[in-house]
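These notes are about the structure you will find just below.
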2 protein chains.
Amino acid sequence: MPASLPPLTALRAFEATARHLSMKKAANELNVTAAAISHQIQFLEEQLGVRLFHRRNRRIELTELAQSCLPMLRDGFEQLRQAVDHIRNQRAADVLTVGASPSLASRWLMPRLHRFVLLHPEIDVRVSTQMRQFTRLPSGSRGDFESVIQWADEVDLLAVFGNGHYPGMQIDQLLPLEITPLCSPALLAAGPRLKKPTDLTAHTLLHDDRGMLYEGRSFWERWLDAAGIRHPAVASGPHFTHSVLAIEAALAGLGIVATTPALVSGELARGTLVAPFALRVALPSGYFLVSNPLAARRSVVGVFRAWLLDEARQEHAAPGSIA
Amino acid sequence: MPASLPPLTALRAFEATARHLSMKKAANELNVTAAAISHQIQFLEEQLGVRLFHRRNRRIELTELAQSCLPMLRDGFEQLRQAVDHIRNQRAADVLTVGASPSLASRWLMPRLHRFVLLHPEIDVRVSTQMRQFTRLPSGSRGDFESVIQWADEVDLLAVFGNGHYPGMQIDQLLPLEITPLCSPALLAAGPRLKKPTDLTAHTLLHDDRGMLYEGRSFWERWLDAAGIRHPAVASGPHFTHSVLAIEAALAGLGIVATTPALVSGELARGTLVAPFALRVALPSGYFLVSNPLAARRSVVGVFRAWLLDEARQEHAAPGSIA
DNA sequence: GTCAATCATGAATTCATTTCATCCGTGGGG
DNA sequence: CCCCACGGATGAAATGAATTCATGATTGAC
């Protein structure tokens, strides 16, 4: 509803000229010829029906009216400049915003990030994690899909758990989804015996509910199926909406969790967490890098993605170690 | 020196769209098609390398980043709008700014202005008077010329004393310059006799110095010449840089002034000032209406000019009366 | 289920902006 | 004191940015 403004090009030409009190300098600043400025100012004067400059011999002087509105004009453009700067700073060449789901961020990305920072100290990496993706949504629903798309639009690079199908986005698989039971060595030593998968019936099962969200079946069901056994109470035991919580529980010796070993490679290497069985079950879902087409073009994004994929490759080549 | 802004058209399209959360409405506001808005926003996103909107089914949502810079953007455009409004209000269709030299304003224009206001109550007439024209400048100098031109650029209509030669301006002669001696009736009654021009030698001469400025000779010299007499001390007596001051002195009975009777038609009609001699000397200078080409096009200017000229015509037809 | 509403998209078009070439007048250096 | 280089004005031509048009896709609403 704002009253219509005169062409902004003309306004800007006027502002610059008034600031320099010189069309030539204004032209210089705006990277056009002096003729363009002269035309623009005459056009503006025409539009407003007001003289803005007194034409002197080889110089110009501001009209009173022009003088009086100049501060407002300058402030206006200054505000616009700030607004644009605000955006540009967020996307400055050396600023990289990475989004990751909470578990991946805290258990995989953050432990490795310091190495990237050492490698590229000039890049300002900002990690943003949020859980809107993980609020209870029907598996593979539009809602989940859209929240990923939306998030990917907000950051340069998004690392999330999903099915890898995000049309219009640039996608790389970061880690394939493998699951295997994990528990603390203390539990293994002091608890009921745990030699064969069937021994699991005597243990507390900790549930990482991502499986329910993305696969329609729990991780435990999948793994036990693959192991060829049936568990009488496969859904019993504590449930966690985030992998990281289930993992913490396992670390505390509260039970056995079926989840992605890649998320605990540090613990596996240190022995604070162990995988009692060799069987790893690959599932169709996985961790993916998602990047919107705009961000994908940025060079820092390319650098970081390459580094991430390399890290993941090493992870896969030497599972259970953080190299 | 301000960092370069993205094309302002795109910024404005974004601002409007963000405000309405609708491209269609924004398009409506800006009098373009929705397609134009869509293009502009995509272009801006391209430029900044940032998504500004999440595209939903039939609606759009602001990106966090867009959200955060929107207030600044709005303020910026609001400032610009105010700046332009400031100018436009000064030149609103019903606002008329008239400039006049101090003497003409106070002794001729103002006494008549109320009639115009009664005639056109819808017009907001603003009178601006200033004396930069009357600072001591060589007669007919560039400085004087330029100050008139400059003033004429600041107002809609300028009524000044001068030679009527202002190239590029629209000119009308308001009043021809006639001079005649004037004094208070008291002085005429109680002072030395004043029947013939030669009697003037016994009186104090009050000098309106405009004559020196514009004609190179004082008004008294011109009049005495035309009267065919020589005055031994034609430059003696008080000098005034403004007619109005010399006239006030004459009203106070301090002496006799040679000046424009049109400036004192009210006093002449009332008898508070009298012209002892019938001889009126016409000089080449006069009062002119000057109007810059931009202002000259405005209809209120035309109305006011016509009225002024009519007033002046009546003045001339019935000298010594304010009708 | 169908319709209407909203946004996307690409080619064509319009027209705003800029440049080019030239002119003008003078202020200041030689 | 003279002249020329500088800053601005100007009009036609060229450029290219902004807009429209025509069409498609998708879905929310009735």
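Naming: A, B, ... by sequence-line order, numbering from 1 per chain.
- Side-chain atoms of Met23(B) lie closest to dC7(C) of the nucleotides dG8(D), dC7(C), dT18(C).
- dT6(C) atom C1' lies 14 Å from atom CG of Asn28(B), rounded to whole Å.
- Counting to the nearest Å, the C1' atom of dG25(C) and the CZ atom of Arg56(A) are 14 Å from each other.
- Listed nucleotides: dT19(C), dA8(C), dA18(D). Nearest to the side chain of Phe43(B): dA18(D).
- In this structure, Thr33(A) reaches the dT19(C) phosphate: one of its side-chain N or O atoms is under 4.0 Å from OP1 or OP2.
- The pair Arg12(A)-Glu15(A) does not meet the salt-bridge criterion, since no charged nitrogen lies less than 4.0 angstrom from a carboxylate oxygen.
- Taking only side-chain atoms of Arg58(A), from C-beta outward, the nucleotide of dG25(C), dC7(C), dT17(C) with the closest atom is dG25(C).
- Comparing dA8(C), dT20(D), dG8(D) against the side chain of Arg55(A) picks out dG8(D) as the nearest.
- Taking 4.0 angstrom as the limit, Ser38(A) places none of its side-chain polar atoms (N or O) nearer than this to OP1 or OP2 of dG8(D).
- Atom P of nucleotide dG25(C) and atom CZ of Arg59(A) are separated by 17 Å, given to the nearest angstrom.
- Put simply, the side chain of His39(A) and the base of dG11(D) share a donor and an acceptor less than 3.5 Å apart.
- Residue contacts shown for Ala34(B) are absent, as no nucleic acid heavy atom lies under 4.0 Å away.
- When rounded to the nearest whole Å, the span between NE2 of His20(B) and P of dC7(C) equals 12 Å.
- If you check every strand for non-hydrogen atoms under 4.0 Å, Thr9(A) touches sugar and phosphate atoms only.
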